[in-house]
2 protein chains.
Amino acid sequence: MPKYAANDLSRSVEDYLKVIYHLTESGESASTTAIADVLDLAAPSVSGMIKRLAEAGLAEHQPYKGVTLTKDGRHAALRMLRRHRVIETYLVSHLGYTWDNVHDEAEKLEHAVSEDLVERLSRALGDPRFDPHGDPIPAADGQIVDVSTTPLPDIPVGESVTISRVDTGSAERLRWLAGAGLVPGVRITMLDHQPFNGPVTVSLNGARRVVGRELAEQLLCTRPE
Amino acid sequence: MPKYAANDLSRSVEDYLKVIYHLTESGESASTTAIADVLDLAAPSVSGMIKRLAEAGLAEHQPYKGVTLTKDGRHAALRMLRRHRVIETYLVSHLGYTWDNVHDEAEKLEHAVSEDLVERLSRALGDPRFDPHGDPIPAADGQIVDVSTTPLPDIPVGESVTISRVDTGSAERLRWLAGAGLVPGVRITMLDHQPFNGPVTVSLNGARRVVGRELAEQLLCTRPE
DNA sequence: CTTTAGACTTAGCTATGCCTAAATACGCCG
DNA sequence: CGGCGTATTTAGGCATAGCTAAGTCTAAAG
Ligand SMILES: [Mn+2]
Ligand SMILES: [Mn+2]
Ligand SMILES: [Mn+2]
Ligand SMILES: [Mn+2]
């Protein structure tokens with residue numbers, strides 16, 4: 001009797017996979033505490049789940065060394081990412097949500113929608129490749145584009161770039177950025193860096209915007225050429 | 001410390017409440033086995049849940065005599081009914097679903113949508129009062145219209161009626177009915193009853209339709225006066 | 001090379017919600 | 001009124017997924 005790849009994971013498992021995917025994107029393995037931090041769980045709960053994920057063939061665990069996803073685990077994670085981002089895009093485009101209040105809704109819905117519904121939502125949107133925050137939407141087959149970006153503070157003075165992605169989940173930050181016009185797709189020019197982790201000044205459409213260093217780090221830009 | 005009415009029930013609890021609501025609509029209390037049948041669970045599982053529902057103040061239980069909903073339980077059930085029916089209507093109106101394939105999707109989504117999203121969906125639809133199957137959609141405050149209907153076989157020969165509600169969840173039946181044009185809103189005239197629980201013949205727009213007794217029982221009609 | 005702080009795992013517990021097997025109550029029929 | 005079949009509950013288990021407390025490993029510092 002073959003062990004079927006249960007295509008029907010629990011909400012918890014799906015959320016763990018997404019988190020591990022993010023934490024391992026840069027190549028390293030994900031630590032127990034890093035996962036616990038993101039999911040706001042106690043470390044032993046994470047240890048327990050890691051064991052179950054490994055048994056289910058979704059993750060590989062080197063005790064005391066961290067966890068990585070298997071091919072199956074990565075595939076499931078990308079499927080969740082697609083769902084999450086398609087849902088966010090639909091809520092903004094068709095139901096009047098703003099980019100700062102779609103995340104929580106999508107975090108629940110992503111576990112409830114059928115494959116069929118995700119594809120219908122995507123089609124209704126014209127199969128978008130990016131969500132409202134500029135995050136790439138994996139294709140139905142799991143393909144995901146890798147846009148190379150530079151954090152705003154690393155842009156030299158005088159250079160013009162396009163904001164391509166906003167890497168914060170904070171509703172307050174998203175609202176402030178939208179108010180300042182600093183959203184994906186907008187072209188800006190670097191005017192000034194203040195030293196000692198000070199703010200950065202940019203211009204957009206002739207207007208000046210001063211952005212604190214921490215926030216500026218979350219504005220990921222595409223450089224010309 | 002007051003015990004907060006946890007506004008956040010589990011998927012299981014929400015589904016039990018809906019089932020108990022349906023089973024008690026006609027006034028009687030719901031039996032353990034009736035609930036178990038609908039939810040496809042073992043009777044002891046239902047006994048256990050009934051106990052928890054009673055402890056949570058959502059149901060009243062007379063051991064060996066069945067269960068009814070409290071005011072809180074009924075309110076929560078109506079909230080779920082609203083969600084379920086608004087979602088079904090949206091899937092059909094805006095996402096190309098047909099009335100025979102919305103039920104399973106709604107059965108899951110109803111537990112994941114926020115209050116806010118339900119209201120946005122409803123508004124996008126123009127606040128419909130009936131879902132694709134003719135089932136009334138409770139208002140946001142729990143108000144539900146009580147349409148008095150008659151099962152098709154109880155209509156006398158010669159009388160013209162409007163189909164107002166189709167009381168089956170079977171996808172095959174729904175598909176057949178849609179193919180025959182027997183959907184809510186359609187006006188039909190009773191032509192013939194065959195005896196011994198035989199089929200019923202009706203005309204719609206001049207065409208004749210022969211409908212088996214069991215299926216005809218599920219076509220609920222509004223009589224003129 | 002040893003100590004030790006912090007990360008990680010193990011042990012053991014809780015709650016939910018499902019199950020089967022066994023016990024018990026209800027209500028009808030003779 | 002007593003027995004009997006069915007409905008229902010109780011007893012006891014399992015899986016998932018969370019927790020705290022306690023034990024163990026790793027790696028950096030002395
Ligand atoms: Mn989620
Ligand atoms: Mn996003
Ligand atoms: Mn449901
Ligand atoms: Mn319906």
Side-chain angles (χ1 to χ4, degrees), chain A residues 1 3-20 23-24 28-68 73 76 80 107-108 110-112, chain B residues 3-20 23-24 28-68 73 76-77 80 107-108 110-112:
Chain A
M1 227 167 292
K3 209 196 289 180
Y4 294 118
N7 193 25
D8 169 46
L9 309 172
S10 72
R11 180 180 173 170
S12 287
V13 167
E14 290 178 338
D15 281 337
Y16 271 89
L17 292 176
K18 279 200 314 179
V19 170
I20 297 170
L23 292 173
T24 55
E28 307 103 63
S29 65
S31 73
T32 302
T33 37
I35 299 169
D37 274 2
V38 177
L39 288 175
D40 199 22
L41 297 174
S45 307
V46 175
S47 261
M49 178 60 90
I50 286 173
K51 191 161 302 174
R52 282 188 298 265
L53 293 177
E55 270 157 24
L58 295 166
E60 259 168 281
H61 185 213
Q62 306 254 259
Y64 295 97
K65 298 290 180 160
V67 62
T68 54
M80 294 315 295
E107 199 58 56
K108 284 196 75 179
E110 64 188 359
H111 311 286
Chain B
K3 207 196 286 180
Y4 293 118
N7 194 24
D8 171 44
L9 309 172
S10 71
R11 181 182 171 169
S12 286
V13 167
E14 290 178 337
D15 281 337
Y16 272 90
L17 292 176
K18 279 200 312 177
V19 169
I20 298 170
L23 292 173
T24 55
E28 307 104 65
S29 66
S31 73
T32 302
T33 37
I35 299 169
D37 273 1
V38 177
L39 289 174
D40 199 22
L41 296 173
S45 308
V46 175
S47 261
M49 179 59 91
I50 286 173
K51 192 161 301 174
R52 268 171 276 148
L53 293 177
E55 270 159 23
L58 296 166
E60 258 168 279
H61 185 213
Q62 306 255 261
Y64 295 100
K65 299 287 182 167
V67 62
T68 53
M80 294 315 294
E107 199 59 57
K108 283 197 76 179
E110 62 188 0
H111 311 287

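Note that the coordinates shown come from a computational prediction; the quantities given were computed from them, not determined experimentally. Convention: sequence-line order gives letters A, B, ...; per-chain numbering from 1. We use all heavy atoms of the structure for the numbers below, so side chains are in, but hydrogens, waters and symmetry mates are not.
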Q: Does some side-chain heavy atom of B/T32 sit less than 4.5 Å from a side-chain heavy atom of B/S47?
A: yes
Q: Taking the basic N atoms (NZ, or NE/NH1/NH2) and the acidic carboxylate oxygens, is any pair closer than 4.0 Å for A/E110 and A/R11?
A: no
Q: Check the distance between D/dC25's C1' and A/Q62's CD and give it to me in whole angstrom.
A: 15 Å
Q: Rounding to a whole Å, what distance do you find between B/L9:CG and C/dA15:C1'?
A: 16 Å
Q: With 3.5 Å as the limit, what N/O pairs link the protein to nucleotides 26-28 of chain C?
A:
from   : atom 1 : to    : atom 2 : distance (Å)
C/dG27 : OP1    : B/K65 : NZ     : 3.2

Q: Quick one, B/E107 and B/D15 - any side-chain contact, counting heavy atoms below 4.5 Å?
A: yes
Q: Using a cut-off of strictly less than 4.0 Å, decide whether B/T32 has a side-chain nitrogen or oxygen near OP1 or OP2 of D/dT9.
A: yes
Q: How many Å lie between CG on B/L39 and P on C/dG17, as a whole number?
A: 12 Å
Q: Indicate the atoms forming the closest heavy-atom contact of B/A76 with B/L9, along with that distance.
A: CB-CD1, 4.0 Å
Q: If the cut-off is 4.0 Å, is B/T33 near the phosphate of D/dT6, judged by side-chain N/O to OP1 or OP2?
A: no
Q: Roughly, in whole Å, what's the span from CG in B/D15 to P in C/dT16?
A: 17 Å
Q: Return the value, rounded to whole Å, for the distance between atom CG of B/D8 and atom C1' of C/dA15.
A: 15 Å
Q: Could you check whether A/K65 pairs with A/E60 (Lys NZ or Arg NE/NH1/NH2 to Asp/Glu carboxylate O, under 4.0 Å)?
A: no
Q: Take A/S10 and B/K51, find for each the nucleotide of DNA chain D with the closest heavy atom, and name the residue whose nucleotide sits nearer the 5' end.
A: B/K51
Q: Does the side chain of B/L58 come within less than 4.5 Å of B/I20's, by heavy atoms?
A: no
Q: Are any protein N/O atoms closer than 3.5 Å to N/O atoms in nucleotides 18-21 of chain C? If there are, list each pair with its distance.
A:
from   : atom 1 : to    : atom 2 : distance (Å)
C/dC18 : OP1    : B/S12 : OG     : 2.9
C/dC18 : OP2    : B/Y16 : OH     : 3.3
C/dC19 : OP2    : B/A42 : N      : 3.0
C/dC19 : OP2    : B/S45 : OG     : 2.3

Q: Over all heavy atoms of both residues, which pair between B/S45 and B/L41 is shortest? Give the atoms and the distance, please.
A: CB-CB, 4.5 Å
Q: Between C/dG17 atom P and A/R11 atom CZ, what is the distance in whole Å?
A: 15 Å
Q: Please tell me if the side chains of A/I35 and A/V67 come closer than 4.5 Å, counting only heavy atoms from C-beta onward.
A: yes
Q: Round to a whole Å and report the spacing from CD1 of A/I50 to C1' of C/dA7.
A: 12 Å
Q: Among the nucleotides D/dT8, D/dA17, C/dG17, which one has an atom lying closest to any side-chain atom of A/V13?
A: D/dA17
Q: So does A/H61 get a side-chain nitrogen or oxygen closer than 4.0 Å to the phosphate oxygens (OP1/OP2) of C/dT9?
A: yes
Q: Looking only at non-hydrogen atoms, find the nearest pair between A/M49 and A/S12 and report the distance.
A: CE-CB, 3.8 Å
